[in-house]
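All remarks here apply to the structure that follows.
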Amino acid sequence: MISVATWNINSVRLRIDQVERFLAEQAPDVLCLQEIKCAEHLFPHEAFERAGYIHRAVHGQKGYHGVATVSRIPFRDFSKHDWQDNGEARHIGVELLGPGGGVIIENVYIPAGGDIPDREQNAKFGQKLDFLGRMTLWAESIERPTLIVGDFNVAPLECDVYDHKALLKVVSHTPIEVETLDTFRDAHGWVDLGRQFIPAPERNYSWWSYRSYWRQKDQGRRLDHMWASPSLAPQARAHRFVEETRRWEKPSDHVPLITEFAL
DNA sequence: ATGACACAGGTACTGTGA
């Protein structure tokens with residue numbers, strides 16, 4: 001059995017103690033982090049080394065964004081895509097060796113997309129849709145069993161937000177984003193493991209704003225996802241959101257997801 | 001009602017998140 005986790009940590013240096021606690025308590029074999037917010041030379045390699053996560057692939061960037069995949073089972077660096085073609089560090093892919101050998105794990109941080117859901121008025125929104133468009137072209141040619149995880153910054157289903165009607169014009173839940181994400185899903189037949197194990201319309205939010213009003217009212221969204229290739233999905237045995245981390249002191253605004261595979 | 005918070009960089013305040 002292999003377990004894989006994903007977590008938008010919102011600064012890995014600020015929250016390295018929480019990462020260590022999570023690794024000690026949940027013991028995933030692989031952890032994919034987004035928004036590490038540092039260049040690779042400032043990544044806290046020592047803490048992961050001590051915890052037994054001796055295999056690491058870091059695609060960092062000064063100040064913003066940045067992703068990293070750490071593991072106690074061997075992997076090799078597989079790919080770093082720049083689906084915006086602007087130099088931002090939003091993806092890293094690894095290939096598992098040994099247990100789970102041959103499986104590709106893609107760790108992605110899809111752009112948030114700014115405030116206004118209109119590419120004419122807001123270039124960032126267009127960049128988000130174009131990022132998904134380039135991912136779709138890429139997905140059409142995938143030939144390996146693949147798990148893609150991360151902060152997708154889209155809550156696709158009505159039950160993935162606290163108020164569907166109120167959020168139809170809010171970036172992360174607009175119809176054009178959902179359609180664009182659906183097109184990406186269909187390009188490879190990705191299986192949404194979150195909804196395979198926690199079927200709609202059950203609540204399973206992964207993100208709550210830092211603004212206290214939204215937190216107190218449980219106004220969350222499901223922005224983080226784990227999707228498996230059709231050939232890999234049948235091996236998934238369990239899936240959970242570790243919601244308690246959102247109640248830790250000085251938490252990330254996202255919580256981790258974990259999937260266990262019979263590999 | 002779309003406000004409220006939090007991070008890095010750098011040391012006042014901006015860019016970013018979503």
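We name chains A, B, ... by the order of the sequence lines, and we start the count at 1 in each one. The model shown is predicted, which means the values in this text are computed figures rather than measured ones.
- Between the CD atom of A/Glu88 and the P atom of B/dG15 there is a distance of 15 Å, given to the nearest Å.
- Proximity of A/His254 to the phosphate of B/dG17: no side-chain N or O atom is located under 4.0 Å from OP1 or OP2.
- The side chain of A/Tyr205 contributes no N or O atom lying less than 4.0 Å from OP1 or OP2 of B/dA18.
- With rounding to whole Å, A/Asn10 atom CG is found 12 Å from B/dA18 atom C1'.
- Here the separation of B/dT11 from B/dC5, taken at their P atoms, is 25 Å to the nearest Å.
- When only modelled atom types and interatomic distance are considered, A/Ser172 and A/Arg221 share a side-chain donor-acceptor pair under 3.5 Å.
- Within 4.0 Å of A/Asp253, counting heavy atoms only, lies no atom of the nucleic acid at all.
- To the nearest angstrom, P of B/dT2 lies 15 Å from CZ of A/Arg221.
- Side chain of A/Asn153, nearest nucleotide from B/dG17, B/dA18, B/dA8: B/dA18.
- To the nearest whole angstrom, the two P atoms, one in B/dA8 and one in B/dG3, are 24 Å apart.
- When the options A/Glu177, A/His173, A/His225 are evaluated for a side-chain contact (heavy atoms from CB on, under 4.5 Å) with A/Pro156, the one that passes is A/His225.
- By the stacking rule of 5.5 Å between ring centres and under 30° between planes, A/Tyr213 stacks on the base of B/dA4.
- On the P atoms, B/dT14 is 15 Å away from B/dA4, given to the nearest whole Å.
- For the side-chain contact (heavy atoms from CB on, under 4.5 Å) with A/Ile92, the qualifying choice from A/Leu33, A/Ile105, A/Val67 is A/Val67, the only one to do so.
- OP1 or OP2 of B/dT16 sits under 4.0 Å from a side-chain N or O of A/Lys124.
- Looking at A/Arg215, its side chain has no donor and acceptor atom pair within 3.5 Å of the base of B/dA4.
- Judged purely by distance below 3.5 Å, without hydrogens or angles, the side chains of A/Gln34 and A/Asn107 pair a donor atom with an acceptor atom.
- Closest contact between the side chain of A/Tyr210 and the listed nucleotides B/dA18, B/dG10, B/dA6 involves B/dA6.
- Spacing between B/dG17 and B/dT2 at atom C1', rounded to whole Å, works out to 15 Å.
- OP1 and OP2 of B/dC5 both lie 4.0 Å or more from every side-chain N or O belonging to A/Ser209.
- The distance from atom NZ of A/Lys217 to atom C1' of B/dG3 is 14 Å, rounded to the nearest whole Å.
- How far OG1 of A/Thr259 is from CD1 of A/Ile2: 12.5 Å, rounded to the nearest 0.5 Å.
- Among the atoms of the strands shown, none is found under 4.0 Å from any heavy atom of A/Phe152.
- In this structure, A/Leu33 atom CG and B/dC7 atom P are separated by 16 Å, rounded to whole Å.
- Judged by the 6.0 Å distance and 45° axis criteria, A/Arg119 is not positioned over the aromatic ring of A/Phe125.
- Whole-Å rounding puts the A/Asp115 CG to B/dT2 C1' distance at 10 Å.
- Counting only distance, with no hydrogens or angles, the side chain of A/Asp253 and the backbone of A/Ser209 share no donor-acceptor pair below 3.5 Å.
- Of the C1' atoms belonging to B/dA18 and B/dA6, the separation is 13 Å, rounded to the nearest Å.
- Contact annotation: A/Arg211 does not reach the phosphate of B/dG17 (side-chain N/O to OP1 or OP2, under 4.0 Å).
- Residue contacts shown for A/Asp151 are limited to sugar-phosphate atoms, with no base heavy atom under 4.0 Å away.
- With the nearest nucleotide of DNA chain B identified for both A/Glu35 and A/Ala166, A/Ala166 has the one nearer the 5' end.
- Using a 4.0 Å heavy-atom distance criterion, A/Arg90 is classed as a sugar-phosphate-only contact.
- The nearest whole Å value for the distance from the CZ atom in A/Phe125 to the P atom in B/dT16 is 17 Å.
- To the nearest angstrom, P of B/dG3 lies 18 Å from CD of A/Gln216.
- No engagement by A/His173 is indicated, since no non-hydrogen atom pair under 4.0 Å with the nucleic acid exists.
- Residue A/Ile36 is the one, among A/Ile36 and A/Tyr64, whose nearest nucleotide of DNA chain B lies closer to the 5' end (criterion: closest heavy atom).
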